[in-house]
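Starting from 1, each residue takes its place in the sequence as its number.
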Amino acid sequence: MAPPSSTINSHELGSSMLVYINGKRVVINNPDPDLTVLQYLRQIGLTGTKLGCGEGGCGVCTVMVSQFDVEANQVTHVPVNACLAPLCSMDGKHIITTEGLGTAAKPHAVQERLALLHASQCGFCTPGFVMSLYTLLRNNPNPTEHEIEDCFDGNLCRCTGYRPILDAAKTFSDEAWKRQSGGSVCGRGADCCQNKKNKEQTEESSAGKKDQKEMSFAEIQKQKVIDQFKPYDPTQELIFPPQLIRYAKNSAAASSEESSDVPARVPLCITGTTRSWCKQFFRPLTFKQLVELRGTYPDSRIIGGNTEVGVEIRLKKAQYPVQIYAGDIPELRKIEEAADGSGVYFGANLTLAKFQKSLREYTQNKDLSTKTQAMSALLENLHYFAGRQIRSVATIAGNIATASPISDMNPVLVASGAKVIAVSVAGGERTIPLTEFFLGYRKTALRPDEVLFKVFVPFTRPGEVVCGYKMAKRQDDDIAIVNAGMRILVNPETGIVDEANLAYGGMGPTTVQAKKTIEAMVGKKWGSRDIYEEVLQVCRDEMKLDYAVPGGMAAYRTSLATSFLFKFWVTSSQRLGIETSESAFTEEIKDIEPTLCTNNQGYDDIPDFKVVGHGVAHMSALKQVTGEARYLDDIPIQANELYLGLILAPHAHAKIKSIDTTQALALEGVEHIYFAKDVPGHNTWGPIFQDEEFLASEEVVYFGQPIGLVLAVDQRAAQQASRLVKVDYEVLPHIVSIPDAIKADSFHPPVRQLNNGNVEESFAKSKHIFEGESYCDGQEHFYLETQGCLVIPRGEGDEYEVWSSTQNPTETQAVVSEILDIPRNRVVARIKRMGGGFGGKESRASALAALVALGSHLSKRPVRIQLDRDEDMQISGQRHAFYATWKIGCDENGKIDALEMNLFGNAGHSLDLSTGVLERAVSHADNCYNFPNSRIVGKLCKTHTQSNTAFRGFGGPQGMILIENAFEEIADRLNIPVEVLRQRNFYKEGQNTPFHQPVLDWHIPNMWDQIMKSSDFVERKKAIDEFNAKSRYRKRGISILPTKFGISFGAKFMNQAGALVHIYQDGSILVSHGGTEMGQGLHTKMCQIAAEALEVPLDSVFVSDTSTNVVANTSPTAASASSDLNGYAVYNACMILKERLAPLREKMAGEPFSKICRAAHLERINLSANGFYSTPDIGFNWQTEEGHLFFYFTQGIAVTEVELDTLTGNHTILRSDILMDVGKSLNKAIDLGQIEGAFVQGAGWSTMEEWLYHPRNGALFTRGPGNYKVPTAHTIPRDFRVSLLEGADYPNLKTIHSSKGIGEPPLFLGSSALFALRHAVTAARKGNQIDVAAEPVHLDSPATAETLRLACADTLATQNYITKEQMEGKLPFTVRI
């Protein structure tokens, strides 16, 4: 491939890049064109920037990129996804990472505030949030609250629930500070200008103008932290390097010694290596150079932000040998109005963020207010286009040229009459109307040698209306399910439609124009009801989708198409001044815009201790915000290290017939390939039952099952080789879903059953008997740090150090010893911290560690793996989906006497921890209610999916949500408010559960009364009823929901813990215990317990890591019991030491602790102690149904209010009030964070996180943030209030300092959002003349937008329902399992 010779001569092409990183100059000579910015940063040791998804969907990898804009003569700062940005595109730019801002010892103001206001839990996502906020402040040092919330629209957090992140960020907004404090003080701490102006009021001002007598203890503590913040001074930021300004201008003063090392800026041609997928990477500097390069390489791929190509390369393994970066060409960023005033030409490579800014300027121009409807429509759709990081680099041309069938811009551009200008060397310049541009799936009218130059957006004419619509699974940072652009031109004098265009995305393989519907509109009088009905029917018929359509959701997508048309009918009529019967609904049909998030976290009880109970920040928080905290993949590359690639099965069920590794072994960089036959020890494993193979030997039983290992010099070679291994399979029938498993009688052996009273006799006496069924889907953990492991051979005799991102080091140690057939004393499993776990790393991490250890053992070299996001989601297991049938007998008042319930959980292909999950689901099916006579039976379905595993709640939320669904339907049938039904059936103190354990320290009834009052539930429900009576297309709902969560491991032997505490001669204390840190603050709580017990300052106590050679035979960090277990073990060790030191302390009263420790050492007093604890009074026998299953119950109640757009299914959570009983908290701030994070995770599980499979081949469909949606900062409750129960007595609680486990219990309360939505849907159905007592709404979990929209059952939905006849003989595109 010779470079073109016209404008870019070979001698003019450079291959060296000038880049600045955190203020330091770096010259990179001929870099590998495959490298991303993220990969490069991590290679040079800047590991604060993390890899979360690799597709720009989570924001974990966010960095700030600055460059000098010569045309504007200013420096621009943008947030960028480093995982997608090509390193070769960084020439002339300044990259700033979180390490460039500050250190734990001297943090930047952004870092300090996020750390000290509890905005970092696991910390893996935190550097991304730091850089998003930092970039905002570099562009605007005093942003509004809206700007702050919007700046995080491309960042995901799975731990915090976002509230503390927003809280900390808003201290940079004067607007927020005034609103929260009622004063005029900004969030800049003691340096506030108001304080300087009036020194006499400094103390009052820094307290936020609020009398401390009016503040809760929580507010006082928070204010004390804020008062200590360093002021934010925007003048002290890293400057943009002057050398880069001269470099951008391509002029360096030769006479200046300072600038003599600034080279002339030239076009680049960077050549790849023999192993590079990209062989040549060009960076032209002029449009002419770009056009000529395209002419020379018509098969090249032009990239701007690389947001599409980068994803294709990573997920689809696409290869583009020649790439041309067009981001540094000024001509492609110009904006100019057409000479005839008909519209505006936008440079094709204008980034979407700059496009937004320009559109906003045009739409806010009063002189153009009647001419910018197309621009307004584009602006509305772009508002929720991806995240800010993507919009900052993605371009107009890229969005158009990729021809995505779900593009947010293209339907609006098509409908509005936009055009593109394309240029080529051979054909010159030509104009292409976008109505003629999209020819098919990813196919356009562009010729191979053409380049997009400009995009023309016309001004709106008199009588013309243009609107844009979009609906996605999640409102922000999500691809569309369906979107649309709609335009109509009506003759002002006749009212006749002269022109029209309806363009849809998501309704076909490309942007689809509804031509028949358009024909039905043109020439007709707009505003006529008959015409509207005719047009709607034509649209419905034209947009009808087949049941098996790619993408699925056929009924929903057609409903959206007609719902958008209805919205357009209303809006266009209103704008044209045409009165219709729907004119009153103009405001209702607008998109629901989330309001600003406000919050209140309350507790008043002052802790009983000096250290324990206080809301100190996570002890690693400052390291996490500055990038100093080390996670597994941050461990430096070891000498001679190999990377492990997994050979994964492409079938859900198949026999392995033959394997050919020839091609794979021939690939450069590949060292070894191993299979089941190479395992020296056991090839089967399981946490409880040995029913799963590490490597499939003869038969694969789920899609993505590992059948072999590739060891290579790096990740690229290992993964590429794994795809080159040729395996011949005999495909066998597979089972994926619970219904199919029940039909096939496919079950795992354990059955769990609880019997109480006489069910048959009770049913015979019941006045009412109701029967039904309920389903709840699984859930992906979506920990931001994927599964990973590093195994290092140590010394002699088969010794191995296993660094694993695991919640269960002891099981990791055991499993490695079994696969290698060596004693456990040769294996040391270690973990510093995890970037989230949520149960997903309790057992599944062990199998991955075993495979890495196998590779290390056989190769005699260190081996590492860090799963890609799609790999992790495909193979690591999720929350169990559950299905239940229920039968309930009650009296006329809803007092329940009998319950019969059958639960079926989808375990996957092996048992893993499913027996324990089933036991907890069965034992939590009572939730907070007394069923005098009950029979609850649970079974586990055996399917051909990955083995489902532990997830926060461990089956408890599933059992509770299934019974609450039954309560909702029964309440409707009895015409009783569901909150009344719940309250009538509450347990009373001392009553027995179905597992015959009395409920003690029972606070739910009192908490119910308390939160009913504090949340104004009765008044708000009345107001909601009034709102729903007046509103046709928006409905509100409210729900109050309790939870009772049992704390303990189900297996008695696991309820034990050990600890080892060392006191050193300088008085510093090292605590080691069996628990692992994954963001829940366990190490912080352990340090607090130790400091309290030994009566020393907290900063003298330290936890290093968790290691099996320090504390052996540990239980996993799970079941919300880790603080109970490890806390008492640490406490017991400390009390031994305290007792040993007591004589010296008495003798040396008043002396520093360090001096006492030195004296103790001289007197040969042992300053090390082992502590042990085992939970008393528990142990349940499932066969005899005897014993205590749980040590105690954590209790809570939530009230949630929602608003629903019935035309789309979109919703927002208006307010949530939570009241939790956490006993005597070990750390109230950490516990509040756990409550909020769990609640948001539960709301995600029950309303948006849909887990889908392809039924045809059993492959997982939802394999990344692109199609699996977790909550964002915009989707949490807009008014978020959390309080802790105070003043309660706990005569039966025997835990450490009377605290309670809190990690899992609040998650179920998040489903109060689902039941509030059910209330809203019920109101909609009533408005549609449905008898909700005879036909109560049935909402499975998650209640997605699709589910909600279709459940409203208006004619726009019902006329698009899929009939059984339409389903006959067809498989849906995806299924829940």
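Gly778 and Trp1245 make their closest contact through O-CD1, 3.8 Å (heavy atoms, listed as atom of the first residue, atom of the second, distance). Of all the heavy atoms in Asn756 and Thr993, the pair that sits closest is ND2-O, 4.3 Å. Between Arg984 and Ile976, the shortest heavy-atom contact is NH1-CD1, 3.9 Å. Here the closest non-hydrogen pair linking Ile888 and Ala966 is CD1-CB, 3.9 Å. Across every non-hydrogen atom of Ser1312 and Thr1200, the tightest pair is OG-OG1, 2.7 Å. The two residues Asp1205 and Ile592 make their nearest non-hydrogen contact at N-CD1, 3.5 Å.
Using modelled atom types, no side-chain atom of Tyr929 and backbone atom of Ile963 make a donor-acceptor pair closer than 3.5 Å. Remark: the backbone N or O of Leu981 is paired with a side-chain donor or acceptor of Asn985 at under 3.5 angstrom. The backbone N or O of Gly894 lies less than 3.5 Å from a partner atom in the side chain of Asp891, making a donor-acceptor pair. Between the side chain of Thr1322 and the backbone N or O of Arg1318 there is at least one donor-acceptor pair closer than 3.5 Å. The main-chain N or O of Asn1210 is found under 3.5 Å from a side-chain atom of Thr1208 such that the two form a donor-acceptor pair. Asn906 contributes a side-chain N or O that, together with a main-chain N or O of Ile1377, makes up a donor-acceptor pair within less than 3.5 Å. With hydrogens and angles disregarded, a donor-acceptor distance shorter than 3.5 Å links the side chain of Asn1328 to the backbone of Cys1352. With hydrogens and angles ignored, the 3.5 Å screen pairs no side-chain donor or acceptor of Asp1217 with any backbone N or O of Ile1011.
Taking the ring axis of Trp1251 as reference, the NZ or CZ atom of Arg1376 does not stay both within 45° of it and closer than 6.0 Å to the ring centre. Note that Lys887 lies in the cation-pi zone of Phe763, set by a 6.0 Å cut-off to the ring centre and a 45° limit from the axis. For Arg920 and Phe954, the positive end is not near the middle of the six-membered ring at less than 6.0 Å and at most 45° from its axis. Judged by a 6.0 Å distance limit and a 45° cone about the ring axis, Arg982 is positioned over the six-membered ring of Phe1315.
Counting only heavy atoms from C-beta outward, the side chains of Ile1024 and His1319 approach each other to under 4.5 Å. You'll find the side chain of Thr1206 stays beyond 4.5 Å of the side chain of Asp1354, heavy atoms only. You'll find the side chain of Tyr775 stays beyond 4.5 Å of the side chain of Ile961, heavy atoms only. Using a 4.5 Å heavy-atom threshold, the side chains of Glu892 and Leu974 count as separate. With contacts defined as side-chain heavy-atom distances shorter than 4.5 Å, the pair Tyr1361/Leu1350 qualifies. Contact of the Tyr1192 side chain with the Ser1048 side chain is not registered, since no non-hydrogen atoms from C-beta on lie closer than 4.5 Å. At a threshold of 4.5 Å between non-hydrogen side-chain atoms, the residues Phe904 and Phe882 do not count as touching. For the pair His1338/Glu969, a side-chain contact is recorded, criterion being any heavy-atom separation below 4.5 Å from C-beta on.
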Next on the checklist: For a ring pair (Phe, Tyr, Trp, His ring centres under 6.0 Å) check, start with the C-alpha distance between His768 and Phe770, then their side-chain angles and the critical distance, and finish with the verdict.
Outcome noted: CA-CA 6 Å; His768 297 287; Phe770 299 109; 5.8 Å; yes

Checklist entry - Can Tyr603 and Glu1286 be said to form a side chain to side chain donor-acceptor pair (under 3.5 Å), step by step? => result CA-CA 7 Å; Tyr603 54 84; Glu1286 298 179 318; over 6 Å; no

Item to check | Full working for side chain to side chain donor-acceptor pair (under 3.5 Å) between Ser914 and His880 | outcome: CA-CA 8 Å; Ser914 297; His880 293 63; 2.7 Å; yes

Item to check | Stepwise side chain to side chain donor-acceptor pair (under 3.5 Å) test for Glu588 and Ser1031 | outcome: CA-CA 7 Å; Glu588 284 186 36; Ser1031 177; 3.3 Å; yes

Next on the checklist: For Asn1292 and Asp1001: C-alpha separation, side-chain torsions, deciding distance, then whether side chain to side chain donor-acceptor pair (under 3.5 Å) applies.
Outcome noted: CA-CA 7 Å; Asn1292 301 288; Asp1001 299 335; 3.0 Å; yes

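With respect to the salt-bridge test (charged N to carboxylate O, under 4.0 angstrom), the residues Glu761 and Lys765 qualify. Taking 4.0 Å as the cut-off between side-chain N and carboxylate O, Arg952 and Glu1304 do not count as a salt-bridged pair. Ion pairing of Lys1035 with Glu1203 is absent here, as no side-chain N (NZ or NE/NH1/NH2) approaches a carboxylate O to less than 4.0 Å. Salt bridge present: Glu587 and Lys590 bring a charged side-chain N and a carboxylate O closer than 4.0 Å. Note on Asp476 versus Lys1269: no salt bridge recorded, every NZ/NE/NH1/NH2 to OD/OE distance being 4.0 Å or above. Here Lys895 does not pair with Asp897 in a salt bridge; the nearest charged N to carboxylate O distance is not below 4.0 Å. Note on Arg935 versus Glu900: salt bridge recorded, some NZ/NE/NH1/NH2 to OD/OE distance being below 4.0 Å. Between Asp926 and Lys1044 there is a salt bridge, with a side-chain nitrogen of the basic residue lying less than 4.0 Å from a carboxylate oxygen of the acidic one. Between Glu979 and Lys1021, at least one side-chain N (NZ, or NE/NH1/NH2) sits under 4.0 Å from a carboxylate O, which counts as a salt bridge.
Atom CE of Met553 and atom CE of Met471 lie 10.0 Å apart (nearest 0.5 Å). How far SG of Cys941 is from CG of Leu918: 10.0 Å, rounded to the nearest 0.5 Å. Thr1212 contributes atom OG1, which lies 10.0 Å from atom CZ of Arg1036 (distance to the nearest 0.5 angstrom). Once rounded to the nearest 0.5 Å, the distance linking CD1 of Ile1004 with NZ of Lys988 reads 15.5 Å. The CZ atom of Phe1045 lies 10.0 Å from the CE atom of Met1220; values are rounded to the nearest 0.5 Å. Between the CE atom of Met960 and the OG atom of Ser1311 there is a distance of 8.0 Å, given to the nearest 0.5 Å.
A donor atom on one side chain and an acceptor atom on the other are found under 3.5 Å apart for Thr1347 and Thr1344. A donor-acceptor contact closer than 3.5 angstrom links the side chains of Arg1349 and Ser563. At a cut-off of 3.5 Å, with distance as the only test, a side-chain donor of Asn755 or Glu1185 sits close to an acceptor on the other residue.
The side-chain contact (heavy atoms from CB on, under 4.5 Å) test with Glu780 singles out one residue from Gln878, Glu1250, Arg879, and that residue is Gln878. Tested against Glu1201, the residues Arg1215, Arg1020, Arg1278 include a single salt bridge (charged side-chain N to carboxylate O under 4.0 Å, His left out) partner, Arg1020.
Between Phe1239 and Phe1280, a ring centre-to-centre spacing shorter than 6.0 Å is recorded. Aromatic pair Phe1180/His1188: centroids not less than 6.0 angstrom apart.
Between Phe995 and Phe1193, the two ring planes are tilted [angle within 30° to 60°]. Note on ring orientation: taking the six-membered ring where Trp is involved, the planes of Tyr1033 and Phe585 are perpendicular (angle over 60°, cut-offs 30° and 60°). Ring-plane geometry between Tyr1290 and His1003 is classed as perpendicular, the angle between the planes exceeding 60 degrees on a 0 to 90 degree scale with a lower cut at 30.
Environment of NZ in Lys1326: sparse, with no more than 12 heavy atoms of neighbouring residues, nucleotides or ligands closer than 6.0 Å.
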